[in-house]
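Heads up: the structure comes next, in structure tokens.
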Amino acid sequence: THEQLQSRNRPTHMDFWELFIRARFHFWKGTIADFDEAHALLQRALALRPEDSSALSLMAMVDLSKLWSGSQAAPALLLRQAQSNALRAI
């Protein structure tokens, strides 16, 4: 039945999934404040599933977006973090 299929496809870590979806929502809003919120949510998600490639790659994109915004005091550090997360994602 439809309910059985839904329960089979439901993520096992709903807390992780909710954090990830909220982070993705904030990332796509595209403001500096939303990048900061996405970053905070992804840190919490990655605390639950540290090797999740979707969260790691989104974290890399958030870091790069913060870098491109020109609002960061330590761009070299942010670039290293983005690269590290991108490499861990693959």
Side-chain angles (χ1 to χ4, degrees):
T1 69
H2 180 67
E3 290 78 20
Q4 289 171 326
L5 287 174
Q6 279 187 320
S7 67
R8 231 181 293 145
N9 293 329
R10 180 169 289 151
T12 56
H13 292 78
M14 282 305 289
D15 290 336
F16 165 83
W17 185 248
E18 290 171 9
L19 291 165
F20 175 76
I21 292 299
R22 286 178 55 204
R24 194 170 67 176
F25 168 79
H26 284 285
F27 170 73
W28 285 113
K29 287 177 75 177
T31 69
I32 294 168
D34 282 298
F35 292 147
D36 290 340
E37 182 64 20
H39 191 274
L41 291 165
L42 286 166
Q43 284 181 318
R44 291 173 52 201
L46 287 166
L48 296 172
R49 292 179 58 182
E51 298 304 317
D52 184 82
S53 60
S54 58
L56 288 166
S57 60
L58 183 57
M59 180 69 95
M61 286 300 299
V62 167
D63 287 342
L64 288 174
S65 297
K66 290 168 70 170
L67 180 69
W68 294 325
S69 75
S71 66
Q72 301 304 301
L77 175 62
L78 201 56
L79 183 59
R80 283 193 301 275
Q81 289 172 344
Q83 182 182 25
S84 173
N85 284 325
L87 290 172
R88 284 177 57 206
I90 56 172

All heavy atoms of A38 vs all of A23, minimum pair found to be CB-O, 3.4 Å

Is it possible for you to say whether V62 and I21 belong to one hydrophobic cluster, with membership spreading through side-chain heavy-atom contacts below 4.5 Å? yes

The complete set of salt bridge (charged side-chain N to carboxylate O under 4.0 Å, His left out) pairs with one or both residues in residues 36-45, sequence neighbours excluded, reads D36-K66

In this structure, CH2 of W28 is separated from CE of M61 (nearest 0.5 Å) by 6.5 Å

d(F20 CZ, L41 CG) to nearest 0.5 Å is 11.5 Å

side-chain contact (heavy atoms from CB on, under 4.5 Å) filter on S53, not counting sequence neighbours, yields A89

With sequence neighbours left out, the residues meeting side-chain contact (heavy atoms from CB on, under 4.5 Å) with L87 are Q83, I90

A60 and A82 have their tightest heavy-atom pair at CB-O, 3.4 Å

Distance col, row S65:OG vs H39:NE2, nearest 0.5 angstrom, shows 11.5 Å

Of all heavy-atom pairs linking F16 and L48, the shortest is N-CD1, 3.7 Å

Closest non-hydrogen contact found for P50 with A47 is CD-O, 4.4 Å

S57 meets the side-chain hydrogen bond (donor to acceptor under 3.5 Å, both in side chains) criterion, sequence neighbours left out, with none

Contacts satisfying salt bridge (charged side-chain N to carboxylate O under 4.0 Å, His left out) that involve residues 71-90 (not counting sequence neighbours) are E51-R88

Hits for side-chain contact (heavy atoms from CB on, under 4.5 Å) against D34, two or more places apart or cross-chain, chain-then-number order -> H26, K29, T31

With sequence neighbours left out, the residues meeting side-chain hydrogen bond (donor to acceptor under 3.5 Å, both in side chains) with S71 are S69

side-chain contact (heavy atoms from CB on, under 4.5 Å) filter on L79, not counting sequence neighbours, yields L64, L67

Result for side-chain contact (heavy atoms from CB on, under 4.5 Å) between L42 and one of L19, D63, L58, N85 points to L58

Heavy-atom nearest pair, F27 first then F35, reads O-CE2, 3.5 Å

